[in-house]
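Data block below; observations after.
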Amino acid sequence: MVRLRTSQWDRIKRAHGYTTDEACAQKLQVARTTITRIKSGDVEPSQKFIAALLWHFQGARFEDLFEVVVSSNAAEPTR
């Protein structure tokens, strides 16, 4: 699972001149509720969302904005 690093999101968002999630949502062409649900962890960010963030937040790296979380429910690899 990929999860947004919310503290980094807020820092990078402000560094790029965005004061609200609404302003970012407009720039990224997504609903504000999409950002809210991603920030809360209710939904996993899509590849399109990840690509849009990295495109619009020039200089930010994937690992700056996101973390990969291994679920404890993940299936064991078969041998």
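Values below: all heavy atoms of this structure, side chains included; hydrogens, waters and symmetry mates excluded.
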Are Phe49 and Val43 co-members of a hydrophobic cluster defined by side-chain heavy atoms under 4.5 Å apart? yes
Using the salt bridge (Lys or Arg N to Asp or Glu O under 4.0 Å) criterion, which residues pair with Arg3? Sequence neighbours excluded. Glu67
Summary of side chain to side chain donor-acceptor pair (under 3.5 Å) pairs that have at least one residue in residues 46-58, sequence neighbours excluded: none
Sequence neighbours left out, what passes side-chain hydrogen bond (donor to acceptor under 3.5 Å, both in side chains) with Thr36? Give chain and number order. Arg32
Let me check something: do Val69 and Phe66 share a hydrophobic cluster, defined by ILVMFWY side-chain heavy atoms less than 4.5 Å apart, either directly or through other members? no
Just wondering, do Trp9 and Ile38 contact through their side chains at under 4.5 Å, heavy atoms? no
Under the side chain to side chain contact (heavy atoms under 4.5 Å, CB included) rule, collect the residues that match up with Ala23, sequence neighbours excluded. Tyr18, Thr20
Separation of Asp21 CG from Leu28 CG (nearest 0.5 Å): 10.0 Å
Should Ile12 and Phe62 be regarded as members of a common hydrophobic cluster, given that ILVMFWY residues are connected when their side-chain heavy atoms come within less than 4.5 Å of each other, either directly or indirectly? yes
From NE2 (His16) to CG (Leu53), nearest 0.5 Å: 10.5 Å
Does Glu44 have any side-chain hydrogen bond (donor to acceptor under 3.5 Å, both in side chains) partners at least two apart in sequence or in another chain, and if so, which? none
For Asp64, all residues meeting salt bridge (Lys or Arg N to Asp or Glu O under 4.0 Å), sequence neighbours excluded: Arg61
First locate atom OG1 of Thr33, then atom CD of Glu22, and finally report the distance between them rounded to the nearest 0.5 Å. 9.5 Å
Count the heavy atoms belonging to other residues, nucleotides or ligands that lie under 6.0 Å from NZ of Lys39, then report whether that count exceeds 12. yes
I'd like to check Leu4 versus Ile35 (side-chain heavy atoms, cut-off strictly below 4.5 Å). Are they in contact? no
Atom CD of Gln29: over 12 foreign heavy atoms under 6.0 Å: no
Separation between NZ of Lys13 and OG1 of Thr6, rounded to the nearest 0.5 Å: 10.0 Å
